[in-house]
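Quick caveat, the model's predicted, so the values are computed rather than measured. All values below were derived from every heavy atom in this structure, side-chain atoms included, with hydrogens, water molecules and symmetry-related copies excluded. In the text below, chain A, chain B and the rest are named by the order of the sequence lines, each starting its count at 1.
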There are 2 protein chains.
Amino acid sequence: MSPRRSAAEAAGTRTAIVERAVEVASTQGLEGLTIGRLAADMRMSKAGVIGHFGTKERLQLAAVQAALDIYRREVWEPAAGAQPGLQRLRAVCDAWISYFERDVFPGGCFLTAASCEFDDREGPVRDLVASTMRGWLKTLAREVRTAVERGELPADTDPAQVAFELNAIAMGANQQIRLFHDRDGLERARRAMGRGLGGDY
Amino acid sequence: MSPRRSAAEAAGTRTAIVERAVEVASTQGLEGLTIGRLAADMRMSKAGVIGHFGTKERLQLAAVQAALDIYRREVWEPAAGAQPGLQRLRAVCDAWISYFERDVFPGGCFLTAASCEFDDREGPVRDLVASTMRGWLKTLAREVRTAVERGELPADTDPAQVAFELNAIAMGANQQIRLFHDRDGLERARRAMGRGLGGDY
DNA sequence: CCTACCGATCGGTAGG
DNA sequence: CCTACCGATCGGTAGG
């Protein structure tokens with residue numbers, strides 16, 4: 001029925017598979033993601049799906065990478081144009097809240113879910129999730145440092161501490177929304193983030 | 001080889017199975033928990049294991065209940081004797097940090113993991129996890145309210161907001177420890193909780 | 001990209 | 001509490 005495709009067509013198919021994989025994994029987890037189910041969703045054979053990746057682990061890695069791209073586009077880029085320091089930090093928080101508000105992933109924050117799922121394992125998936133999360137915390141801390149240097153935050157502010165707190169609040173908001181279906185968690189997160197960024201947020 | 005046991009022996013076996021199930025689920029997740037693996041760990045047959053519960057779902061529910069008991073014993077009870085209000089709140093936070101410090105569950109906070117795993121599903125397991133989490137947040141909020149009434153926290157303090165923030169910080173600490181193997185997360189959490197409880201913590 | 005197949009494991013049951 | 005078994009599904013491969 002479906003003959004071999006051109007390289008361009010194959011790349012498009014691969015992209016479509018990864019997109020679906022991200023959606024499924026955000027609700028079912030990266031292990032709950034199965035090749036058989038993905039094949040059914042894509043109306044392909046299992047061999048057709050796995051042929052693009054080789055192993056399930058490489059499919060999982062591709063899904064994490066794709067989720068990271070979405071994260072960058074939805075949370076970082078909307079704030080990238082703001083002035084470095086406190087203004088950009090506030091823009092990031094706004095984009096972050098908005099990202100939760102718009103349910104960018106059908107199953108909530110992909111990275112939080114992947115972190116919880118893989119935090120006790122070993123291997124490349126865990127390593128990628130950890131380094132991605134670490135990179136995000138460093139990005140936040142760098143922005144806090146800039147804000148301190150600019151005199152926008154108190155001189156004794158600990159950038160890594162603020163980054164930790166902002167990220168924890170985001171995880172808390174994700175839980176309120178997903179586990180309790182409580183959208184008020186967004187307003188709670190906004191207030192909590194504001195307290196961490198000088199109170200006049 | 002192993003004949004039928006007395007009711008007391010059967011209850012002991014069941015307790016031992018649930019204990020092991022909690023350990024496995026804290027690292028592998030409640031779905032990653034399989035009857036076959038549990039049977040091998042217990043040196044029993046699969047039928048012997050599942051006979052105590054009927055279905056995997058009821059085994060999962062038993063594991064969540066058992067985890068809740070551990071939570072109560074490790075985090076709540078050490079603080080229950082403290083004076084209601086800010087003192088008890090601080091005692092709870094100390095016990096909470098200590099619970100992370102001592103790695104009470106081999107795979108980190110059971111409830112955080114269960115929340116991430118089931119927050120997009122439906123059914124009794126999700127409902128039990130959600131109501132347990134809700135109960136914990138209410139317990140925290142009640143204590144904050146008492147502290148406000150006693151004049152130990154500012155009158156305009158929002159108890160539910162403080163409960164949300166304390167819980168979010170705990171999730172952040174859990175991530176630092178499990179995903180990054182960074183024990184400094186405990187000190188970060190201590191400082192962050194202190195800021196939420198009046199700064200002079 | 002397909003069909004056809006592999007061994008392993010899943011949750012669960014029958015019957016003792 | 002066991003043995004023996006069920007159908008379903010898992011990740012993955014061979015060969016085209």
Engineer: Sort by first number and list every stem of DNA chain D: at least 3 consecutive Watson-Crick or G-U wobble pairs, both distances under 3.5 Å.
Structural biologist: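 Result, WC/G-U stems under 3.5 Å: C:1-16 with D:1-16.
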Engineer: To the closest 0.5 Å, what do you measure between CD (A/Glu101) and CG (A/Asp94)?
Structural biologist: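 Going from the CD atom of A/Glu101 to the CG atom of A/Asp94 covers 10.0 Å.
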Engineer: Which of residues 25-35 of chain B have a heavy atom under 4.0 Å from DNA chain C?
Structural biologist: B/Leu33, B/Thr34, B/Ile35
Engineer: For the pair A/Glu152 and A/Arg90, find out whether any cationic side-chain nitrogen is under 4.0 Å from an anionic carboxylate oxygen.
Structural biologist: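 Between A/Arg90 and A/Glu152 there is no salt bridge, as every charged N stays at least 4.0 Å from the carboxylate O atoms.
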Engineer: side-chain contact (heavy atoms from CB on, under 4.5 Å) with B/Asp119: which residues, sequence neighbours excluded?
Structural biologist: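 Partners of B/Asp119 under the side-chain contact (heavy atoms from CB on, under 4.5 Å) test: A/Asn174, A/Arg178, A/Leu179.
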Engineer: If you draw a 6.0 Å radius around CZ in A/Arg102, do more than 12 non-hydrogen atoms from other residues or ligands fall strictly inside?
Structural biologist: yes
Engineer: Taking the nucleotide of DNA chain D with the nearest heavy atom to each, does A/Glu57 or B/Val49 sit closer to the 5' end?
Structural biologist: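 Here B/Val49 is the residue nearer the 5' end.
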Engineer: Looking at residues at least two apart in the chain, or sitting in another chain, which of them share a ring-ring contact (aromatic ring centres under 6.0 Å, His included) with B/Phe118?
Structural biologist: none
Engineer: Taking salt bridge (Lys or Arg N to Asp or Glu O under 4.0 Å) as the test, write out the residues that go with A/Glu149, two or more places apart.
Structural biologist: none
Engineer: Looking at the side chain of A/His52, which of D/dT13, D/dG11, C/dC1 is the nearest nucleotide?
Structural biologist: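 Side chain of A/His52 sits closest to C/dC1.
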Engineer: Could you give the distance from CD (A/Glu19) to CD1 (A/Ile70), rounded to the nearest 0.5 Å?
Structural biologist: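 Separation between the atoms: 7.5 Å.
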Engineer: Using the six-membered ring wherever Trp is involved, compare the ring planes of A/Phe110 and A/Phe105 and label them parallel, tilted or perpendicular (cut-offs 30° and 60°).
Structural biologist: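 Taking A/Phe105 first and then A/Phe110, their aromatic rings sit tilted (interplane angle of 30° to 60°).
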Engineer: Measure from the side-chain N and O atoms of B/Glu117 to the backbone N and O of B/Gly29, and report whether any donor-acceptor pair falls under 3.5 Å.
Structural biologist: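 A pair under 3.5 Å: no.
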Engineer: What is the separation between atom NZ on A/Lys56 and atom P on C/dA8, rounded to the nearest whole Å?
Structural biologist: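 Taking NZ of A/Lys56 and P of C/dA8, I get 19 Å after rounding.
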Engineer: What residues from residues 38-47 of chain B pass a heavy-atom cutoff of under 4.0 Å to DNA chain C?
Structural biologist: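 Under 4.0 Å from DNA chain C: B/Lys46, B/Ala47.
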Engineer: Between atom CG of B/Leu166 and atom CD of B/Glu143, what is the distance when rounded to the nearest 0.5 Å?
Structural biologist: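 So the gap between those two atoms works out to 11.5 Å.
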Engineer: Does any N or O in the side chain of B/Ser131 come within less than 3.5 Å of the main-chain N or O of B/Asp127, such that one atom is a donor and the other an acceptor?
Structural biologist: yes
Engineer: For A/Arg37 and D/dC10, give me the distance from atom CZ to atom P, rounded to whole Å.
Structural biologist: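 Nearest whole value for this atom pair: 10 Å.
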Engineer: Give the rounded distance in Å between these two atoms: CD1 of A/Ile17 and C1' of C/dC1.
Structural biologist: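 Distance check: A/Ile17 CD1 to C/dC1 C1' gives 10 Å.
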Engineer: Starting at atom CD1 of B/Ile50, determine the distance to atom C1' of C/dG11, rounded to an integer number of angstrom.
Structural biologist: 7 Å
